[in-house]
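Working notes, structure below.
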Protein chains: 2
Amino acid sequence: MKTLKIPEATIIRLSVYSRYLYMADKRGIVTISSGDIADGVGVSPAQVRKDLAYFGEFGTRGVGYNVKDLHRHILKILGLSNIWHVALVGLGNLGLALSSYKGFRERGFCICSIFDTDPEKVGTIVNDVVVEHIDRLEEVVDERGAQIGIIAVPAGFAQEVADRLIKAGVKAILNFAPVVLNVPPEIELRNVDLAVHLEVLTFNLALQK
Amino acid sequence: MKTLKIPEATIIRLSVYSRYLYMADKRGIVTISSGDIADGVGVSPAQVRKDLAYFGEFGTRGVGYNVKDLHRHILKILGLSNIWHVALVGLGNLGLALSSYKGFRERGFCICSIFDTDPEKVGTIVNDVVVEHIDRLEEVVDERGAQIGIIAVPAGFAQEVADRLIKAGVKAILNFAPVVLNVPPEIELRNVDLAVHLEVLTFNLALQK
DNA sequence: TATTCTTTGTGATATAATTAACTATGTAAT
DNA sequence: ATTACATAGTTAATTATATCACAAAGAATA
């Protein structure tokens with residue numbers, strides 16, 4: 001796998017392609033062209049081919065791509081050919097929603113540890129997982145070997161949680177708290193700020209007027 | 001306000017700056033430089049200045065920016081100087097989390113209509129809003145003048161909900177269903193696919209090995 | 001007032017990403 | 001076999017975005 005600086009946009013599109021291929025496969029489609037995929041997900045055919053070209057040659061000229069094959073390849077590229085263990089910190093409304101989000105399980109993510117501080121929640125079982133107290137975070141994460149952490153705590157606690165997740169051995173963090181986290185460069189970090197998405201919309205709406 | 005094709009990345013950063021400025025203001029800081037903002041949010045000072053330059057001149061050379069002023073300006077740019085009415089469709093775990101998400105209210109978004117099909121939920125009050133049946137979507141959205149719709153229904157129903165929201169007069173849609181929606185070009189659409197974010201992380205993790 | 005210091009705003013440059021055009025390769029029909 | 005056709009892979013051109021470097025402008029100091 002050659003890896004000369006892949007644009008993040010490409011990764012995001014691969015993820016979208018894979019979902020489309022999965023559906024196509026379920027509908028019994030065997031072969032698909034870059035144009036078909038492009039139409040299906042709203043990008044240009046050249047874009048589809050370019051994105052795939054970063055990783056190798058998966059199609060046959062004149063024909064197209066084998067749906068199952070390509071799907072498998074993309075999952076492999078995205079690192080989804082094995083199960084990832086995810087630790088979720090914070091079981092507010094958002095944490096609860098994330099813990100039961102089917103999309104994660106379908107794609108091979110297992111939220112196998114959940115942490116909160118609320119004594120009412122600690123010890124209860126949520127989606128087959130026993131909720132632990134945050135005090136035990138390092139211990140539990142280390143013991144279970146969680147590779148990814150999801151932060152769904154209030155902004156004020158996010159940095160502390162991030163520090164502790166990293167100390168416990170987590171290699172990547174998905175942060176839902178609306179705050180800029182400071183992490184070492186080797187830690188993969190992504191921020192999801194739900195309000196930001198709405199603000200991009202309102203910016204565009206405000207322009208139209 | 002001159003508006004010659006602003007990069008979306010700029011809008012997202014403006015949103016981040018505004019949150020940082022809000023915090024700086026709360027801490028009593030009166031004046032701030034592009035370097036301070038840059039350090040605080042993890043970008044370069046030149047980037048901060050360039051982003052702002054799309055919209056005008058807000059600082060004084062040799063001094064920096066007035067925190068309150070700049071914050072106000074950015075909110076204005078993002079279209080956040082008035083309240084936006086948002087209709088939420090789908091009250092599963094995710095919908096519930098979104099309906100109670102404080103980040104929305106803080107930024108001037110009011111989720112003033114909620115829809116679901118579940119008879120157990122319809123008629124109940126969630127975060128001060130009466131849950132309506134989806135059958136009444138067009139009627140209620142039109143009557144209350146919601147400008148933005150949030151789709152938090154299963155993938156299979158998302159397109160239908162989108163169509164109905166648009167018919168009811170919604171101008172922008174935030175879609176949480178993992179599916180590519182088809183909407184007319186004048187409708188602003190953003191997709192938030194939570195699994196995609198995790199997949200960008202695992203792609204990078206997979207690379208490291 | 002002149003001088004130095006700071007920091008913005010911006011034009012020029014470099015980098016990155018997308019789009020378009022073209023070439024190579026396989027399939028199917030004549 | 002030959003020809004026409006379809007479509008992947010790839011190179012080149014275009015467009016978009018980010019970085020750099022410096023002139024302009026205000027503030028502080030001598």
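For C:dT19, neither phosphate oxygen OP1 nor OP2 lies less than 4.0 angstrom from any side-chain nitrogen or oxygen of A:Arg49. Phosphate proximity of C:dT10 to B:Tyr54: absent, as no side-chain N or O sits under 4.0 Å from OP1 or OP2. Within the structure, every side-chain polar atom (N or O) of A:Gln47 is placed at least 4.0 Å from both OP1 and OP2 of C:dA17. Close to C:dT7, at under 4.0 Å from its OP1 or OP2, lies no side-chain N or O of B:Ser34. OP1 and OP2 of C:dT8 both lie 4.0 Å or more from every side-chain N or O belonging to B:Thr60.
In terms of position on DNA chain D, the residue among A:Ala46 and A:Gly62 whose nearest nucleotide sits closer to the 5' end is A:Gly62. Nearest-nucleotide positions on DNA chain C for B:Phe58 and A:Pro7 put B:Phe58 closer to the 5' end.
Judged purely by atom type and a 3.5 angstrom limit, A:Arg13 has no side-chain atom pairing as donor or acceptor with the backbone of A:Asp51. No side-chain donor-acceptor contact under 3.5 Å links B:Glu132 to the backbone of B:Phe115.
Annotation for A:Asn93 and B:Ala97: closest pair O-CB, 3.4 Å, computed over non-hydrogen atoms.
We find that CD of A:Glu8 is positioned 16 Å from C1' of C:dT18, with the value rounded to whole Å. B:Leu52 places its CG atom 9 Å from the P atom of C:dT8, with the value rounded to the nearest Å. Here C:dT8 presents its P atom at 18 Å from CZ of B:Phe55, a figure rounded to the nearest Å. Atom-to-atom, OH of A:Tyr65 to P of C:dG26 comes out at 15 Å; the value is rounded to the nearest Å. Straight-line distance from the CG atom of A:Asp51 to the C1' atom of D:dG9: 13 Å, rounded to whole Å. Rounded to whole angstrom, the span from the CD1 atom of B:Ile6 across to the P atom of D:dA18 amounts to 12 Å. To the nearest angstrom, P of D:dA18 lies 12 Å from CG of B:Leu14.
In B:Ile29, the CD1 atom is crowded: over 12 heavy atoms of neighbouring residues, nucleotides or ligands sit closer than 6.0 Å.
Relative to the side chain of B:Arg61, the nucleotides D:dA8, C:dT27, C:dT7 differ in distance, and C:dT7 lies closest. Comparing C:dT27, D:dA8, D:dT10 against the side chain of A:Val63 picks out C:dT27 as the nearest. Here the nucleotide nearest the side chain of A:Ala9, chosen from C:dT18, C:dT8, D:dA8, is C:dT18. Closest to the side chain of A:Glu57, from the set C:dT7, D:dT17, D:dT10, is D:dT10.
One cannot find a donor-acceptor pair under 3.5 Å joining the base of C:dT10 and the side-chain atoms of B:Lys50.
With hydrogens and angles left out, the side-chain atoms of A:Arg107 and B:Thr202 include no donor and acceptor closer than 3.5 Å.
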